[in-house]
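Index from 1, following the sequence.
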Amino acid sequence: MSVGTSSITALSERLENVRSRIGSCAQRCNRSPDDITLVGVSKTHPAEAIREAISLGLTDFGENRVQEAETKIPVVGRKIAKWHLIGHLQANKARRAVELFDVIHSLDSASLALRLDRICEEISRESLPVLVQVDLGHEATKTGVDEAELWKVITAVERCHRLQLIGLMTLPPFFEKAERVRPYFCRLRELRDELQTSGAFGDRRGELSMGMTNDFEIAIEEGATIVRVGTAIFGERG
């Protein structure tokens, strides 16, 4: 099904608005907009909407569920964009995730790290960039590694031959007043800095995947290098 001209225009305007906000926020923080990767969260939106976003220059897309991604990534094109898994990864979906995604943001256990590494070896994938999802909000509906268990997962990744630890991710509680989320972003940055000092990221900077439609500017102020924006780009979920 094709996307109408008015829908394309709306998508273009929304995307340009998000890019402008990222640029303005980066400038206020004495950062370069090029330092920040915009991931368009395309969950629940059709392949055609992703194609239109690609035509407008968006290169990175985030999907929450492997099952949904299976219906869209092959249609859009596995190599035409960079695909990020940003939702919880069940162990029984790990093989398909390794096949479909360029980056996994939601590594949340040592056992999952070892499983992903083994699958990479089995399918001859040389490397898989991963971020460890840290649970800072302790909400029952969200997953991630507790701070107390973070080093255990980091150590497991270090034992892996194919996994490449590139950073940390968090999904904090939602607040109507976005400013209330700032402490969570601050804490993730502190954890990243500690790991960076210890050499956990090698010669990489240590990505900070944090910030969504409601709070991505605050995330940028606190050092985000990857922001995951859905509604502000694609509109309300389909």
Side-chain angles (χ1 to χ4, degrees), residues 22 25-26 29-32 35-39 41 60 62 64 84-89 101-117 127-160 162-175 177-229:
I22 289 173
C25 186
C29 302
N30 296 314
R31 298 180 62 190
S32 168
D35 185 48
I36 301 152
T37 298
L38 173 60
V39 173
V41 178
D60 293 72
N64 267 48
H84 301 249
L85 178 62
I86 59 175
H88 176 61
L89 176 57
F101 291 96
D102 295 289
V103 186
I104 292 176
H105 290 233
S106 48
L107 179 63
D108 61 3
S109 70
S111 61
L112 181 58
L114 297 175
R115 179 185 287 262
L116 290 171
D117 191 57
S127 66
L128 173 61
V130 297
L131 296 92
V132 176
Q133 181 177 353
V134 186
D135 179 16
L136 298 176
H138 305 294
E139 296 176 278
T141 57
K142 294 176 182 174
T143 58
V145 180
D146 187 89
E147 281 189 54
E149 298 293 314
L150 180 56
W151 276 105
K152 179 180 178 181
V153 178
I154 298 297
T155 300
V157 176
E158 289 176 342
R159 293 203 307 267
C160 294
R162 308 291 178 109
L163 297 195
Q164 184 181 56
L165 180 66
I166 65 168
L168 302 178
M169 184 268 262
T170 197
L171 185 61
F174 174 84
F175 298 105
K177 187 177 180 181
E179 180 62 33
R180 292 180 61 191
V181 84
R182 190 180 297 273
Y184 298 91
F185 296 152
C186 287
R187 182 56 185 152
L188 194 73
R189 185 188 69 243
E190 290 170 354
L191 291 170
R192 189 279 311 272
D193 291 348
E194 291 171 13
L195 290 169
Q196 197 173 43
T197 299
S198 74
F201 305 115
D203 57 2
R204 294 175 291 276
R205 65 181 177 178
E207 305 287 350
L208 285 173
S209 173
M210 58 189 195
M212 299 188 296
T213 288
N214 190 54
D215 52 26
F216 70 82
E217 285 153 311
I218 292 173
I220 290 170
E221 290 171 1
E222 295 303 329
T225 63
I226 302 172
V227 293
R228 312 180 306 270
V229 181

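- Taken from CG in Asp135 to CD in Glu147, the straight-line distance is 9.5 Å, to the nearest 0.5 Å.
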Starting from the C-alpha separation in whole Å, work towards a yes-or-no answer on side-chain contact (heavy atoms from CB on, under 4.5 Å) for Arg159 and Asp117. CA-CA 9 Å; Arg159 293 203 307 267; Asp117 191 57; over 6 Å; no
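- At most 12 non-hydrogen atoms from other residues, nucleotides or ligands lie less than 6.0 angstrom from CZ of Arg180.
- Arg31 is linked by a salt bridge (Lys or Arg N to Asp or Glu O under 4.0 Å) to Asp35, counting only residues two or more places apart in sequence or in another chain.
- Side-chain contact between Asp60 and Leu38: absent, with no pair of heavy atoms (C-beta onward) separated by less than 4.5 Å.
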Working note: Ile226 + Val103, criterion side-chain contact (heavy atoms from CB on, under 4.5 Å); need CA distance, chi angles, decisive distance, verdict. CA-CA 12 Å; Ile226 302 172; Val103 186; over 6 Å; no
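- Put simply, CD1 on Ile220 and CE on Met210 are 9.5 Å apart, with the number rounded to the nearest 0.5 Å.
- Looking at heavy atoms from C-beta onward, Leu191 lies in side-chain contact with Leu136 at the 4.5 angstrom threshold.
- Contact detail for Leu107 and Val145: the closest heavy-atom pair is O-CG2, 4.2 Å.
- The salt bridge (Lys or Arg N to Asp or Glu O under 4.0 Å) check on Glu190 picks up Arg187, with sequence neighbours excluded.
- Two residues are said to be in side-chain contact when any heavy atoms from C-beta on lie closer than 4.5 Å; Val229 and Ile22 fail this criterion.
- Arg182 is linked by a salt bridge (Lys or Arg N to Asp or Glu O under 4.0 Å) to Glu179, Glu221, Glu222, counting only residues two or more places apart in sequence or in another chain.
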With a cut-off of 3.5 Å and sequence neighbours excluded, list every side-chain donor-acceptor pair involving residues 162-174.
residue: Arg162; atom: NH1; partner: Arg125; partner atom: O; Å: 2.9
residue: Thr170; atom: OG1; partner: Val134; partner atom: O; Å: 2.9

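- Annotation for Phe175 and Asn214: closest pair O-ND2, 2.9 Å, computed over non-hydrogen atoms.
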Could you walk me through whether Met212 and Val41 pass side-chain contact (heavy atoms from CB on, under 4.5 Å), step by step? CA-CA 9 Å; Met212 299 188 296; Val41 178; over 6 Å; no
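- Note that CD of Gln196 is 11.0 Å distant from CZ of Arg204, once rounded to the nearest 0.5 Å.
- Residues passing the salt bridge (Lys or Arg N to Asp or Glu O under 4.0 Å) test with Glu139 are Lys142, sequence neighbours excluded.
- Nearest approach of Gly211 to Ala219, heavy atoms of both residues: CA-CB, 3.6 Å.
- Scanning both residues, Ala113 and Cys160, for their nearest heavy atoms gives O-SG, 3.7 Å.
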Begin from the C-alpha positions of Leu89 and Leu116 and carry the test side-chain contact (heavy atoms from CB on, under 4.5 Å) through to its verdict. CA-CA 11 Å; Leu89 176 57; Leu116 290 171; 4.0 Å; yes
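- In this structure, OG1 on Thr155 lies 7.0 Å from CH2 on Trp151, to the nearest 0.5 angstrom.
- Within the structure, side-chain hydrogen bond (donor to acceptor under 3.5 Å, both in side chains) pairs that include any residue of residues 101-111 comprise Arg78-Asp102, His84-His105, His88-Asp108, His105-Ser209, Ser109-Ser111 (at least two apart or interchain).
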